[in-house]
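Heads up, the thing below is written out as structure tokens.
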Amino acid sequence: MTAEEKKKRTIGEIRDSKTSGEKMVYTSVPDYTSARWAEAAGVDVCVVGDSLAMVAHGYPSTIPATMDMMVMHAAAVRRGAPNTFTLGCMPYQSYNTVDRALMNATRFMQDAGCDAVKPQGGKSQAHILKALVESGIPTASHIGLTPHTIAMFGGFKIQGRTAETAMVILEDALAIQDAGCFMLEFEAVPAPIAKLISEQLEIPTIGIGAGVGTDGQILLSYDLLGVFTDFKPKFTKRYANLTDVAVAGLKEYVREVKESQFPDDDHSYSVADGVLEEFLTLIEKRKQH
């Protein structure tokens, strides 16, 4: 199936995956080219994650991502994957009030052409999530390890390792469901806990570092393809090593240029002999004046 033949997944299909048993495949893509790859591969949902602050802009965390940055990248992803459901992740402090959340979510939908938005949080954000849904904006959420509150956690730490903290995640998940969200994401939650919580819900779950018991999975495309190599999370499986391929190609390019092997005749434009002779004559005439 070509990208042109692919039909964009719908909210209904995503919700129905909870009962149909179809595992939904999500990947976070930061740009036009990676979005084209994802659509060609048949990914169900392209996520424009604020992780792009790290993988595309070199920041040490997701906190510096701005709405302007996110909308620009989301619009590029939309152009690269026109037939793939696109989910825009709302960046840090872009949804801390209902009015701000509505304004910024609208930018994702209206300016970037996203199909849905995803803030972070559960019970504490339920009123925000509900307001988005009631305004007609398809909304998901993100619980477990939430990068926007990383300072509160004291770093990237697995969530839900005790019965009490697992109950907090369950309550967050139920609040997200009650707010009308169509999906939620678990990050860095023990696999048995994520599976058990998922079984209590009527909406589908996707996981990143949350085991196989969720209704779908998400990984960063730059992680799984070996593009971003500053570090590798435990939950990331490398399906390719594109950085190795890229660096090898660039090294060969450097060598050939240094040794005057590139560009050769195959990669250069030529002119007819008569044109070159005429040009040389004109050069000589110019020198005589």
Under a 3.5 Å threshold, yes or no: a donor from one side chain and an acceptor from the other, between Asp50 and Tyr59?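 Their side chains do not contain a donor-acceptor pair, so the 3.5 Å distance test is not met.
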Got a salt bridge between [X] and [Y], using NZ or NE/NH1/NH2 to carboxylate O under 4.0 Å?
| X | Y | value |
| --- | --- | --- |
| Arg255 | Glu252 | yes |
| Arg15 | Asp215 | no |
| Asp68 | Arg107 | yes |

Determine, step by step, whether Leu201 and Leu184 satisfy the side-chain contact (heavy atoms from CB on, under 4.5 Å) criterion, reporting the C-alpha distance in whole Å, the side-chain angles of both residues, the deciding distance to 0.1 Å, and the verdict. CA-CA 10 Å; Leu201 301 174; Leu184 68 84; 3.7 Å; yes
Can you find a pair of side-chain heavy atoms, one from [X] and one from [Y], that are under 4.5 Å apart?
| X | Y | value |
| --- | --- | --- |
| Thr62 | Met54 | yes |
| Pro119 | Leu132 | yes |
| Phe235 | Gln217 | no |

Measure the [atom1]-[atom2] distance between [X] and [Y] for me, rounded to the nearest 0.5 Å.
| X | Y | atom1 | atom2 | value |
| --- | --- | --- | --- | --- |
| Gln110 | Ile137 | CD | CD1 | 9.5 Å |
| Met90 | Gln120 | CE | CD | 11.0 Å |
| Ser28 | Ile208 | OG | CD1 | 8.0 Å |

Shortest non-hydrogen contact from [X] to [Y]?
| X | Y | answer |
| --- | --- | --- |
| Thr214 | Ala194 | CG2-CB, 4.3 Å |
| Cys181 | Ile203 | O-CG2, 3.5 Å |
| Ile11 | Pro138 | CD1-CB, 3.7 Å |
| Pro190 | Gln159 | CD-O, 3.0 Å |
| Ala131 | Val98 | CB-CG1, 3.7 Å |

According to the interplanar angle, ranging from 0 to 90°, do the rings of Phe182 and Phe85 count as parallel (below 30°), tilted (30 to 60°) or perpendicular (above 60°)?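 The arrangement is perpendicular - the two ring planes meet at more than 60°.
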Not counting sequence neighbours, which residues clear salt bridge (charged side-chain N to carboxylate O under 4.0 Å, His left out) with Glu284? List them please.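 Glu284: salt bridge (charged side-chain N to carboxylate O under 4.0 Å, His left out) contacts with Lys287.
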Using the salt bridge (charged side-chain N to carboxylate O under 4.0 Å, His left out) criterion, which residues pair with Lys251? Sequence neighbours excluded.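 With neighbours one apart ignored, the set is empty.
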Residue pair Lys7, Glu13: steps toward the side-chain contact (heavy atoms from CB on, under 4.5 Å) verdict: CA-CA 11 Å; Lys7 288 187 178 179; Glu13 288 174 331; over 6 Å; no
Assess whether side-chain contact (heavy atoms from CB on, under 4.5 Å) is satisfied between Lys130 and Val133, documenting all intermediate values. CA-CA 5 Å; Lys130 192 171 191 293; Val133 172; 5.8 Å; no
Does anything in residues 229-249 pair up under salt bridge (Lys or Arg N to Asp or Glu O under 4.0 Å), and if so which pairs, sequence neighbours excluded?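 Qualifying pairs, neighbours excluded: none.
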Tell me, yes or no, whether the heavy-atom count around Glu202 atom CD, taken from other residues, nucleotides or ligands under 6.0 Å, exceeds 12.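 Not buried by this count: 12 neighbours or fewer within 6.0 Å.
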Among the clusters formed by ILVMFWY side chains lying less than 4.5 Å apart, do Trp37 and Val245 turn up in the same one?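 Looking at the clustering, Val245 is in a separate group from Trp37.
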Met72 vs Thr66, test: side-chain contact (heavy atoms from CB on, under 4.5 Å). Steps then yes/no. CA-CA 10 Å; Met72 179 185 70; Thr66 65; over 6 Å; no
Out of Arg9, Lys8, Lys23, which residue meets the salt bridge (Lys or Arg N to Asp or Glu O under 4.0 Å) rule with Asp44?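 Of the listed options, the one satisfying the test is Arg9.
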